Structure formats: C-alpha cells, structure tokens
Trainee: 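Below is one structure. I have some questions about it.
The sequence lines fix the lettering, A, B, ..., with proteins before strands; numbering per chain opens at 1. As the structure is a computational prediction, the values presented were derived from the model and not from experiment.
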Amino acid sequence: MERELRVRPIKDGTVIDHVKAGQALNVLRILGIKPGSKEIVSIVMNVPSKKMGKKDIVKVENRELREEEVAQISLISPEATINIIRNYEVVEKYKVTPPEYVIGMLKCPNVNCISNTSEPVESKFMVTRENGIKLRCYYCERVLSENIADHLL
Amino acid sequence: MNFKNRDILSTRDLTREEIDYILNTAEKFDKNPQEFSDLLKGRILALVFYEPSTRTRISFETAMKKLGGEVISLGAVEASSIAKGENLSDTIRIVSSYADAIVLRHPKDGASKLAAEVSPVPVINGGDGAGHHPTQTLLDLYTMRKENKLEGVRIALVGDLKYGRTVHSLIYALTFYSAKITLVAPEELSMPRDIIEDIKRIGGDIEETSDLKEVIPEVDVLYMTRIQKERFPDPNEYRKVAGIYRLTPELLESAKEDMIIMHPLPRVDEIDPRVDETPQAKYFEQAKNGIPVRMAILSLVMGAL
C-alpha cells in the first residue's frame with residue numbers, strides 16, 4: 001500500500017489514520033508533541049484516500065492515547081481511526097466518536113463568556129454533528145465550528 | 001405543569017406549552033392580584049444585580065411584595081464583598097442559603113448558568129451580558145398576546161441586534177408562534193449568525209434589512225431597542241452607529257393603524273417622545289406587564305401554585 005511506502009510500519013505505538021487533511025499538525029499539538037519532544041513520530045499529509053479524497057496520517061511510537069486525547073482528535077477530525085499497534089500487529093482499531101460534551105478542553109471564543117473569567121468553572125461545550133462538528137458553549141451558547149484546534153486548551 | 005425549583009435561564013429552555021402556561025398564570029394575577037396577596041408569605045427573594053437596572057429590579061421587587069413575600073438585595077456592588085474580590089460562585093452560594101430564589105443580573109454572558117449550577121434554589125436570569133433576558137421575553141409575549149398580536153404576527157426587531165439580549169431571547173420564543181420576523185439593523189449590529197442559523201433550522205421565517213422606513217408599513221409589531229453604548233468594546237464603533245434609527249410620528253404615518261410599538265426600555269433617542277402620545281405606543285404598558293408576568297414566574301418556581 002502506498003502509505004507503507006512512505007512510512008515504515010511501527011513496532012509499538014499508535015497509528016492515527018483518516019485524519020482530516022491538514023490536521024496532522026494539530027493532532028501533534030493535542031498529543032503535546034512539540035520541538036524537543038522525545039517521541040518518534042511520523043506524519044504524512046495530503047495523501048490520496050478513497051474515502052476522504054485526501055487525508056493525513058500520524059504514527060507515534062511507544063505511546064497509546066488517553067481518552068481525552070482521542071476526544072480532542074474527534075473534534076478536529078471526526079472520521080479519524082485509532083490503530084493500536086503491539087509488536088507490529090494491530091491489536092485494536094476503532095473510529096473516534098465525538099463525545100456529547102467536552103469539559104475543560106477548549107477555550108470559549110467569546111471573550112465575554114463567564115467561562116473566560118477567574119470564576120472556578122471549566123469550559124463546557126455541547127457537541128453536535130451537522131456538516132462537520134459544531135460546539136456550543138454551555139454557558140454563553142456561542143457556536144464554534146471553524147478552526148476548532150485554535151481553541152484547544 | 002411543575003415549575004417548582006426550576007431555573008429560568010434562557011427562552012431556549014422553554015417549550016411553547018410552558019410559555020403559554022406562564023402567560024396564562026400571569027393573566028390570572030393581572031385580573032385578580034388581590035387574590036394572591038399572601039401566596040409567597042414567608043418567602044424571600046434575593047436580587048443580585050451586578051449591573052444597573054430600573055424595571056427588572058423594581059418590578060421583581062414589586063411582584064414579590066404583591067405576593068406577600070420579602071426581598072433582600074445585594075445593593076451596590078461597590079458596597080458588597082464583590083468589591084473585595086469575591087467571585088460570583090461564592091456570592092451565589094451564600095445568597096442561596098438566605099433566600100428561596102435568586103434573580104441575577106450580570107455583565108458576563110452565561111453568568112446565570114454558572115449561578116444555577118452552584119445554587120440549590122432557583123435562579124432567574126435577569127439579563128446576562130449580551131446573552132439572554134427570558135423574563136423580558138415573557139412580558140414581551142404577554143404584551144403581544146394581550147394586544148392580540150402574537151400568533152402569526154409580523155414583527156420587526158430594530159436596532160442593536162448584536163448585543164441586545166432582549167432580542168436574542170425574544171427571537172427564539174417568536175418561532176413558537178409562527179411569527180414572520182424582519183431584522184432591522186446596520187451591518188455592525190446585525191443579529192449573530194449562530195442565532196439566525198438556529199432560527200432557520202427550526203423553521204423560523206426571518207429576513208434582514210437595514211431600512212427601517214421600508215418595514216414600517218408591513219409590520220404588526222415594531223420592536224425598538226436601544227443601541228447600548230456600554231456593550232461596545234470600542235467607543236468609535238459606537239459613535240458610527242449611535243442614533244442610526246429614530247422613530248418619529250412622521251415615520252409612523254405609513255404604519256398600519258393597529259400596529260403596536262414596543263421597547264424593552266430604557267430608550268435614549270431611538271423613539272421620539274412625541275411618539276408616546278400615539279395610540280401605537282405600548283412600551284409603558286409593556287413595562288407595566290412585567291409585574292403580573294414576574295408574579296407568575298416567582299410563584300411557579302417557588303412551587304406556590
């Protein structure tokens with residue numbers, strides 16, 4: 001397969017496939033991978049995909065994802081699939097599912113929202129899927145549907 | 001229908017049946033207020049206002065007193081612990097241990113939802129930032145119903161539709177009554193796209209213009225709003241749009257004879273005082289209707305009915 005030609009299989013870790021084209025770097029951001037990080041990471045961007053036209057793929061060696069990381073990935077790339085690899089074998093494969101609510105993961109874009117104050121409150125968004133992901137702030141009801149990654153905490 | 005301990009935060013939380021029930025209850029209070037003069041005896045309402053208010057504050061206080069209840073008030077923010085840096089959550093926790101219900105007005109959007117999360121007693125949103133003002137909407141609907149202008153009404157919402165919480169609340173409720181809504185605002189003050197999309201998604205009939213003159217002959221209700229200087233982050237932006245709409249008796253010449261003019265008040269210069277004398281002017285009546293509507297809300301959330 002073409003993707004194997006680009007990036008070799010990994011022994012242990014996670015392959016995040018069917019990432020929305022252009023979102024691979026945001027996936028790295030969600031995973032906290034930045035200059036200086038020690039993880040071995042391979043990314044491919046804008047490769048042809050039968051299902052999606054174009055897609056990105058992220059492979060992270062020796063790491064399995066936490067539930068909240070998967071939830072965040074689902075917000076920026078709701079078609080993504082998670083493949084957990086152990087000893088070169090795919091031991092688990094699943095499609096991300098956007099949660100009903102996301103709490104404490106995003107900053108509300110409304111500067112006047114009560115969640116952007118010093119009150120002891122975590123941001124909370126209701127998640128809906130209609131032509132992509134839509135997030136509605138539980139507090140101020142502002143809708144966030146574009147550049148979601150820019151608002152990740 | 002049971003409203004006991006229910007928070008009243010946004011018209012989006014209410015169904016048409018619930019709104020009708022509140023309006024029907026308000027009508028009972030309006031017709032025979034003396035019958036209910038002991039209904040909330042021994043109950044305490046807390047008014048927690050972080051922003052100036054005349055009508056909302058005074059009408060809630062009046063409504064509570066007409067029902068035999070007592071009112072406690074935070075008073076001026078500068079004179080309370082808020083001036084020492086106490087946050088809203090703590091203030092609400094404390095006040096909720098003193099009172100049977102809280103009316104909150106706050107400059108931040110969504111403040112009433114946060115208050116409702118920490119309060120064991122019902123929270124009534126008396127206006128939060130540019131968010132919602134559901135009790136204003138209920139008295140608006142009550143006024144329209146009283147004037148027989150609710151079901152299928154043609155209504156224009158005029159002025160500050162961007163920051164105006166009264167219109168944000170009202171527009172959702174109007175869709176329950178198959179209203180034909182025209183939004184009249186300059187581009188800088190247009191209704192947030194999220195809200196317009198919401199209304200269209202639920203089948204609302206809505207159109208937009210910036211020309212007040214052209215809509216006047218078409219509508220049954222002209223709902224004017226003040227352009228709110230205090231909500232503009234940039235004073236220059238305010239100056240660009242200040243005074244853009246001014247309703248005069250001359251403009252009203254093309255209006256339907258039985259058209260009504262509403263305004264949540266206070267007004268600045270958007271309605272010429274000469275309009276007050278016209279039969280169409282209903283905004284003072286509208287403010288008066290705040291009493292029976294708020295009597296109904298208080299009685300319902302305190303479980304007295």
Trainee: Could you pull out the closest heavy-atom pair between B:Asn87 and A:Pro120, with the gap in Å?
Mentor: ND2-CD, 3.4 Å
Trainee: Quick check on the interface: out of B:Ala130, B:Ser89, B:Pro192, B:Ser10, who has the most heavy-atom pairs with chain A under 4.5 Å?
Mentor: B:Ser89
Trainee: In terms of heavy-atom pairs under 4.5 Å with chain B, which of A:Val143, A:Val121, A:Asn110, A:Ile114 leads?
Mentor: A:Ile114
Trainee: Does any heavy atom of chain B fall under 4.5 Å from the side chain of A:Thr117, the backbone, both, or neither of them?
Mentor: side chain
Trainee: If you check every heavy atom in residues 172-187 of chain B against those of chain A, which residues fall under 4.5 Å?
Mentor: B:Tyr172
Trainee: Counting only non-hydrogen atoms closer than 4.5 Å, can you tell me which residues of residues 112-121 of chain B sit against chain A?
Mentor: B:Lys113, B:Leu114, B:Glu117
Trainee: Select one option (side chain, backbone, both, neither) describing which atoms of B:Pro107 are under 4.5 Å from chain A's heavy atoms.
Mentor: backbone
Trainee: In Å and rounded to the nearest 0.5 Å, what is the CD to OG distance from B:Glu197 to A:Ser145?
Mentor: 7.5 Å
Trainee: Taking atom NZ of A:Lys124 as the centre, report whether more than 12 heavy atoms of other residues, nucleotides or ligands fall under 6.0 Å from it.
Mentor: yes
Trainee: Indicate yes or no for a side-chain donor-acceptor contact from B:Asp109 to the backbone of A:Glu141 under 3.5 Å, with no hydrogens or angles considered.
Mentor: no
Trainee: Non-hydrogen atoms of chain A under 4.5 Å away: do they reach the side chain of B:Arg12, the backbone, both or neither?
Mentor: side chain
Trainee: Against chain A, label B:His106 side chain, backbone, both or neither, depending on which of its atoms sit under 4.5 Å from a heavy atom there.
Mentor: side chain
Trainee: Check whether B:Arg165 gets within reach of chain A through its side chain, its backbone, both or neither, counting any heavy atom under 4.5 Å.
Mentor: neither
Trainee: Please check if the number of heavy atoms outside A:Glu68 that lie under 6.0 Å from its CD is greater than 12.
Mentor: yes
Trainee: Does any heavy atom of chain B fall under 4.5 Å from the side chain of A:Arg142, the backbone, both, or neither of them?
Mentor: both
Trainee: When rounded to the nearest 0.5 angstrom, what distance separates CG in B:Asp198 from CZ in A:Arg136?
Mentor: 4.0 Å
